[in-house]
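Quick notes on the structure that follows.
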Amino acid sequence: MAWKRTHTCGDLNIEHEGEEVVLNGWVDTRRDLGGVIFIDLRDRYGITQIVFREEDDELHSRAEELRREYVVGVKGVVEARSDENVNPDLQTGEIDINVSELLVYSEAETPPFEIKDDIGTSEDLRMKYRYLDLRRRALTDNLMLRSRSYQSIRNYFHDLDFAEVETPVLMRSTPEGARDYLVPSRVNPGKFFALPQSPQTYKQTLMASGFDRYFQIVKCFRDEDLRADRQPEFTQIDVEMSFIDEEDVFEMTEGLMKQLFEEVSDREVSVPFDRMTYQEALTTYGTDKPDTRFDLKFKNFSDLVADSEFRIFSQTVEEGGAVIGFNLPGEGDMGRGELDRLTERVQEETGAGGLIYIKVNEDEIKCSVGKFLTEETIRQMIDQAGAENGDLVLILAGPTPTVYEQLGTLRLMMGNDYDLIDRDQDHFLWVTDFPLLEWDDDAGRYVSLHHPFTAPQTRDLDKLENKPQEVLSRAYDLVLNGKEIGGGSIRIHQADLQEKMFDVMDIDRGEARDKFGFLMEAFRYGTPPHGGIALGLDRIIMLLAGADSLRDVIAFPKNKSAQSLMDNAPSYVEKDQLDELHIDLKDWVEKQKKEELAESQQKSNS
RNA sequence: GGUCCGGUAGUUCAGCUGGUUAGAACGCCUGCCUGUCACGCAGGAGGUCGCGAGUUCGAAUCUCGUCCGGAUCGCCA
């Protein structure tokens, strides 16, 4: 039977002096000074120091038995600490609880790692004992930030009259995009559901139904390899609106971000956000998600060096590639050894053939390929780069768009290495005017860059058949500090245009109709123009929390191999279960399953 | 799937070109200590050096294989 607590461990302060209180919590640290024992009592709200004195022999000796992570309840009186004993690092640091009664709810074994913030414990151990990991202040705070975020987001949309609608988790598998997670259907032998990569088709259908403003905080699933910023199941803020254009989506999203950031953190968001076309992002920053918190913008030297003696330059330009670079201010004194190491790193990490540099110093201008270039050309390049005395110009040459991406990687490397990133700032950025399609060598056809329901820009409609690679789309991405946190588009809402898109992508009409037929049909019964966006909630929380990994803002995340180490999911299942689902395992899988089961049996026996 | 890095005490790590009994810090246990808050002091326990083979008089250390983990690329409309 638990004592009813009167306060949490984060509540009490000098105002409560003299009050009789009851606290419940975990034993955090214990400082036994002999005649007096101090214990930090912890719950998710905070820490309160409780004191056991020698006067009460029985209580004092029971307090000596307390160990880390025991769960206890205490009754006692709030005492003010004397001035020299106040702990300014603690919310409750002005007071102690002088304990008069102690109740031990639960003892605890010594945990496999310490419950404190700056632990270097490997992630797989933390994952196995996730319930202990989550007791750590940093993770608790991240989840509480997440909890407040849900509230803020829901309030925003409800205030604007958006309808919150749940869409199915079991849906049909669709072509295009990431690999689906499949769920076998017992009652439909041989047939499978897929878990949604996003509720895309449902939310468009809802537009056809007249729910002109929809949102949902929804789990999505993609069966692809993981990264620190990628989980197989993740949460999206999914939004769709009717009778709108890009500007409405931008305005709605900017308002959401502003409210969210300012309600759950102390970060200010200024709206409207900056905008940049995909073309500009690629040619100026070498990526479709530029980190605009620092400069190092690309300059193009192709025209200057097209006729140069240096074959790598002239040949690159002749073959349609580019010679590009950026100015790194103040690093003109970089030594030969350091530049060699940098070159090696660039080759390894970006795959670029080599790195060319110009050191711009008052007494000497030194170019790594100086003997092949005229002094005038070098001078022009320095001007083009905007370099001044003391600066270093870094240059790559190669085929486009690869060379842009390589220089983009180098730009990020330099931004990090030379601490050029202003981490107190948040830079939101809309990236617009994406190409509609890209050529897929493996598939031998055009595929959507975004997804097949994205509307082409009206002015490009006539190019759709003859020059599909030149058609721009009405898609947009939202980028925050160099991380993509959302993307969306204005959709196609006309059946004939949608069919034409499938034609261009060489998805034959039968297949398209079979897989997306319901949506195409919906378009025939009166569908409004519509569009929307999906925002990556986990990533947004990660940035808000200042966490390095998505795993630090998800309560029970998967590891890199898409496993949950705490409950050992996924797992083998009984043969009976498979039989019901009409599924046979491949021979080699069956063999592996037997071996692993035998092994774990042996382990549990010994 | 490719490449690179790693696996030593409960945890994080050190342990060089092979050579006595494999160390440190934190944690844990015991004792002392009435104002600590990373308490302090004294003492103690704790190891199949991931696993298997090889080279050697001798392997944590070198070689090969294997398993596991991390980073990165492919992949992620």
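This structure is a prediction, so every number in the text was calculated from the model and none was measured. In what follows, chains are A, B, ... by sequence order, proteins preceding strands, each numbered from 1. Heavy-atom basis, side chains included; hydrogens, waters and symmetry copies ignored.
Rounded to a whole Å, the CD1 atom of A/I50 is 17 Å from the P atom of B/C37. Atom-to-atom, CD1 of A/I115 to P of B/U11 comes out at 14 Å; the value is rounded to the nearest Å. Atom CD of A/Q49 is separated from atom P of B/A38 by 10 Å (rounded to the nearest Å). Atom pair A/I47:CD1 and B/C37:C1' shows a separation of 10 Å (rounding to whole Å applied). A/D28 has its CG atom 19 Å from the P atom of B/U36, to the nearest Å. Remark: P of B/G31 and CG of A/L33 are 16 Å apart, rounded to the nearest angstrom. As a whole-Å value, the separation of A/Y129 OH from B/U11 P is 9 Å. In this structure, CG of A/L565 is placed 13 Å from P of B/C68, rounded to the nearest angstrom.
Using the six-membered ring where Trp is involved, A/H530 and A/H493 have ring planes that are perpendicular, over 60° apart on the 30 and 60° scheme.
Closest approach to the A/N85 side chain among B/U36, B/U12, B/C73 is made by B/U36 (side chain taken as heavy atoms from C-beta onward). In this structure, of B/A71, B/C26, B/C29, it is B/C26 that holds the atom nearest to the side chain of A/K116. Minimum atom distance to the side chain of A/E224 is reached by B/C75, of the listed B/C39, B/C75, B/C28. Each of B/C75, B/C37, B/G27 was ranked by its minimum atom distance to the side chain of A/D225; first place goes to B/C75. Candidate nucleotides B/C29, B/U34, B/C76 were compared by shortest atom distance to the side chain of A/R30, and B/C29 ranks first. For A/T110, counting side-chain heavy atoms from C-beta on, the closest listed nucleotide (B/G10, B/G27, B/G70) is B/G27. Of the candidate nucleotides B/U34, B/G10, B/C37, B/G10 has the atom nearest to the side chain of A/P112. Nearest nucleotide to the A/R31 side chain, out of B/C39, B/G69, B/C76: B/C39. When the nucleotides B/G69, B/C37, B/C76 are ranked by their closest atom to the side chain of A/R230, B/C76 comes out on top. For A/N87, taking side-chain heavy atoms from C-beta onward, the closest of the listed nucleotides B/C26, B/C37, B/U36 is B/C37.
Within a heavy-atom distance below 4.0 Å of RNA chain B, the residues of residues 63-73 of chain A found are A/R67, A/R68.
Contact annotation: A/S122 reaches the phosphate of B/U12 (side-chain N/O to OP1 or OP2, under 4.0 Å).
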Does the pair A/T29 and A/K116 meet the rule for a side chain to side chain contact (heavy atoms under 4.5 Å, CB included), with working shown?
CA-CA 10 Å; A/T29 53; A/K116 61 176 193 182; over 6 Å; no
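Side-chain atoms of A/R126 and base atoms of B/U11 include no donor and acceptor less than 3.5 Å apart. Side-chain N/O atoms of A/K128 and base N/O atoms of B/U11 include no donor-acceptor pair closer than 3.5 Å. A donor N or O paired with an acceptor N or O is found under 3.5 Å between the base of B/G74 and the side-chain atoms of A/R227.
Stems are defined here as 3 or more consecutive Watson-Crick or G-U wobble pairs with pairing distances under 3.5 Å; those involving RNA chain B are B:1-7 with B:67-73, B:10-13 with B:23-26, B:28-32 with B:40-44, B:50-54 with B:62-66.
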